[in-house]
Each structure stands twice: as C-alpha cells, then as structure tokens.
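Each ligand, and each atom within it, is numbered from 1 in the order the structure gives. Residue indices begin at 1 and follow the sequence shown.
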Amino acid sequence: MMDVSLFSNRYFVRPMAADDIGEIYQLCRNNVLYYQYCPPFVTEQSIADDMKALPPKKEAFDKYYLGYYDGEKLIAVMDFILGYPDPKTAFIGFFMTDVSVQRMGGGSNMIRDMCFYLKAYGLTGIRLGWVKGNPQAEHFWHKNGFTETGVTYNTDTYTVIVAQRAL
Ligand SMILES: CC(C)(COP(=O)(O)OP(=O)(O)OC[C@H]1O[C@@H](n2cnc3c(N)ncnc32)[C@H](O)[C@@H]1OP(=O)(O)O)[C@@H](O)C(=O)NCCC(=O)NCCS
C-alpha cells in the first residue's frame, strides 16, 4: 500500500475529498494560462468529475487525488494513478500549484521527492502528458527530467504530448 504522506519531505500530502473541492477550485481558477491551452475552464463540477475519473481498465484504489499543504494552505493538487499504463509505471493526470507560490521551486521539489519515493516503492517510470504549445507545462516537465515519448493524441481542441521519465 502506498503511503502518500511520504510523497514529500517538505509539505503535508493527503488525499482530497468532496469537502475539499471549494479550496481546490480557488487554487485552479487563478491558473488562467493552463485553461487557455486545456479548455474548458475549471468548475467545481469538473473537479468533482476529475476526482472520480479513471483511465481504461483502472480501479478506484489505484487513483490518488492529492493535496499538498504548506501549513494550512493548499499549494498544489495532483491526480496520480498507480500502475498505468503498465504495472511498473505511474501516471500523473494533473498537477497544479497555487499561483502565489509559482516559480519558487516548490513544484520541482514535489516532483523530486515523489520520484524518490516511487523509485523506492519499486516503480520504474512516470508518464504524463501536456498540451502542445503550453510553455509553462513543457518547460516545467523538461526541467524535471521528462522527455517526449513520440506519442501524441488529439482531442477536439488540442494535441497532447505524451512524456516519460525513468526512475
Ligand atoms: C507547471 C507548474 C506546476 C510549475 O509549478 P512551480 O511551482 O512554478 O514549479 P517550480 O518553481 O519548481 O518550476 C518552475 C519552472 O516551471 C517552468 N515555468 C513556470 N512558469 C513558466 C512560464 N510562465 N513560462 C515558461 N516556463 C514556466 C519553468 O521551467 C520554471 O523553471 P525556471 O523558473 O527555472 O525557469 C505550475 O506553473 C502550474 O501549476 N501551472 C499550471 C498547471 C500546469 O501547467 N501543470 C502541468 C501540466 S499537467
């Protein structure tokens, strides 16, 4: 069983629940750039839906919708799937930090600590996707050691670049 409190040495990490949606919404709604590339704009309902969403053939016990706290303040959310697309790989479906803490190294710190824990847990890689052309996401994931797999897929409104990092 994974212990998500070990995802970070610096921040308090816990699974989010329906009660937390209002707080998550406040964090998300200020990330205007992200929703320009990845519409539609966030709503409390879209967060509730994301909290339940699963990739094909995955079960709810493999899904972790996490909040990162600095003291009392929610500073990041992550949607994490264990064992997707294969048993030794984790998938980050969504990762977002509060605009008030961005560009101060917090996001990279969270990814670094998480990779350290997941490697010790026995995983060999992490996979994720970003919307083609979103400079914030592309630069961030490159900086954190993710590289394009060459796989892309299209939605009605944007193209997703699939990237991976070995642990
Ligand atoms: C991407 C994101 C998680 C980074 O969080 P953060 O707390 O700023 O993380 P860090 O301070 O560790 O990393 C900053 C790095 O992100 C990238 N970055 C952040 N903002 C950027 C911007 N406006 N333009 C280009 N690159 C940017 C850069 O690589 C930057 O490194 P630098 O400061 O050395 O140039 C945050 O900007 C965010 O939540 N964005 C909206 C959601 C999103 O795009 N999530 C990723 C796709 S799922």
Side-chain angles (χ1 to χ4, degrees), residues 4 7-13 15-16 20-44 46-55 58 62-82 84-85 89-118 125-149 151-165 167:
V4 297
F7 265 40
S8 177
N9 293 322
R10 186 187 292 182
Y11 305 107
F12 175 62
V13 184
M16 304 301 266
D20 302 309
I21 288 174
E23 204 180 3
I24 298 167
Y25 176 69
Q26 293 306 324
L27 182 150
C28 292
R29 64 190 280 268
N30 291 315
N31 275 285
V32 177
L33 181 76
Y34 176 82
Y35 296 105
Q36 282 170 6
Y37 285 95
C38 194
F41 195 73
V42 63
T43 60
E44 296 205 356
S46 72
I47 294 167
D49 294 343
D50 286 348
M51 277 182 164
K52 296 195 189 113
L54 288 167
K58 291 307 292 184
D62 284 329
K63 172 160 172 127
Y64 299 81
Y65 195 103
L66 304 174
Y68 284 72
Y69 285 83
D70 188 0
E72 296 290 301
K73 185 176 165 63
L74 178 70
I75 56 159
V77 289
M78 179 188 286
D79 186 345
F80 175 90
I81 308 282
L82 184 61
Y84 184 81
T89 302
F91 186 81
I92 297 175
F94 180 67
F95 179 59
M96 182 175 274
T97 57
D98 192 280
V99 292
S100 69
V101 302
Q102 285 177 9
R103 287 228 115 144
M104 299 194 298
S108 299
N109 181 284
M110 292 170 204
I111 299 303
R112 192 166 50 242
D113 280 3
M114 184 191 72
C115 287
F116 186 80
Y117 175 71
L118 293 181
I126 303 180
R127 184 172 281 232
L128 50 78
W130 64 75
V131 173
K132 186 177 180 179
N134 180 348
Q136 201 176 44
E138 183 184 300
H139 291 166
F140 177 76
W141 291 121
H142 279 161
K143 184 179 170 175
N144 283 282
F146 288 80
T147 50
E148 288 84 344
T149 59
V151 177
T152 64
Y153 62 90
N154 296 313
T155 72
D156 288 346
T157 35
Y158 53 83
T159 299
V160 176
I161 313 265
V162 178
Q164 182 131 3
R165 171 182 162 164
L167 292 174

### Contact (N/O only, under 3.5 Å) between Trp130 and ligand 1
no
### Task
Please round to the nearest 0.5 Å and tell me the distance separating atom CG of Leu74 and atom CD of Glu23.
4.5 Å
#### Entry: Close side-chain approach of Trp141 to Ile92, heavy-atom, < 4.5 Å
yes
### Query
Salt bridge check: are Lys63 and Asp79 linked by an N-O gap of less than 4.0 Å?
yes
### Query
Among all protein non-hydrogen atoms, which one is nearest to atom 21 (C) of ligand 1, and what is the separation to 0.1 Å?
Gln136 CG, 3.4 Å
### Task
Record the part of Asn31 in heavy-atom contact with ligand 1 below 4.0 Å; permitted values are side chain, backbone, both and neither.
side chain
### Task
State whether the number of non-hydrogen atoms from other residues, nucleotides or ligands found under 6.0 Å of Phe116 atom CZ is greater than 12.
no
### Query
Of the protein's non-hydrogen atoms, which lies at the shortest distance from atom 42 (C) of ligand 1, and what is that distance?
Tyr34 CD1, 3.4 Å
### Message
Please list the nearest protein heavy atom to atom 4 (C) of ligand 1 with its residue and the distance rounded to 0.1 Å.
### Response
Phe140 CD1, 3.4 Å
#### Entry: Identity and separation of the nearest protein heavy atom to atom 11 (O) of ligand 1
Gly105 N, 2.7 Å
### Message
Heavy-atom distances under 4.0 Å decide this one: backbone, side chain, both or neither, for His142 against ligand 1?
### Response
neither
### Task
Identify the protein heavy atom lying closest to atom 12 (O) of ligand 1, giving its residue, its atom name and the separation to 0.1 Å.
Ser108 OG, 2.6 Å
### Query
To the nearest 0.5 Å, what is the distance between CH2 (Trp130) and NE2 (His139)?
10.0 Å
## Note on the structure
Between Tyr34 and the options Phe95, Phe41, Phe94, Phe140, the ring pair (Phe, Tyr, Trp, His ring centres under 6.0 Å) test singles out Phe94
### Message
In this structure, is the centre-to-centre distance between the rings of Phe7 and Phe80 below 6.0 Å?
### Response
yes
### Query
To the nearest 0.1 Å, how far is atom 31 (O) of ligand 1 from its closest protein heavy atom, and which atom is that?
Lys143 NZ, 3.2 Å
#### Entry: Side chain to side chain, Tyr84 and Leu54, heavy atoms closer than 4.5 Å
no
### Query
Is any N or O atom of Trp141, backbone or side chain, closer than 3.5 Å to an N or O atom of ligand 1?
no
### Task
Could you list the atoms of ligand 1 found under 4.0 angstrom from a heavy atom of Gln102?
7 (O), 8 (O), 36 (C), 37 (O), 38 (C), 39 (O)
#### Entry: CE on Met96 to CG on Asn31, rounded to 0.5 Å
4.0 Å
### Task
Could you tell me if any non-hydrogen atom of Phe95 lies under 4.0 Å from any atom of ligand 1?
yes
### Task
Out of His139, Met96, Arg103, indicate the one that has the non-hydrogen atom closest to atom 30 (C) of ligand 1.
Arg103
### Query
In terms of atom number and element, which parts of ligand 1 are under 4.0 angstrom from non-hydrogen atoms of Met104?
11 (O)
## Note on the structure
Restricting to heavy atoms, the pick from Val99, Leu33, Val101, Thr97 nearest atom 6 (P) of ligand 1 would be Thr97
### Query
Checking side chain to side chain contact (heavy atoms under 4.5 Å, CB included) for the pair Met16/Ile47: CA distance, chi angles, key distance, verdict?
CA-CA 11 Å; Met16 304 301 266; Ile47 294 167; over 6 Å; no
### Query
Short N/O distance, under 3.5 Å, between Gly129 and ligand 1?
no
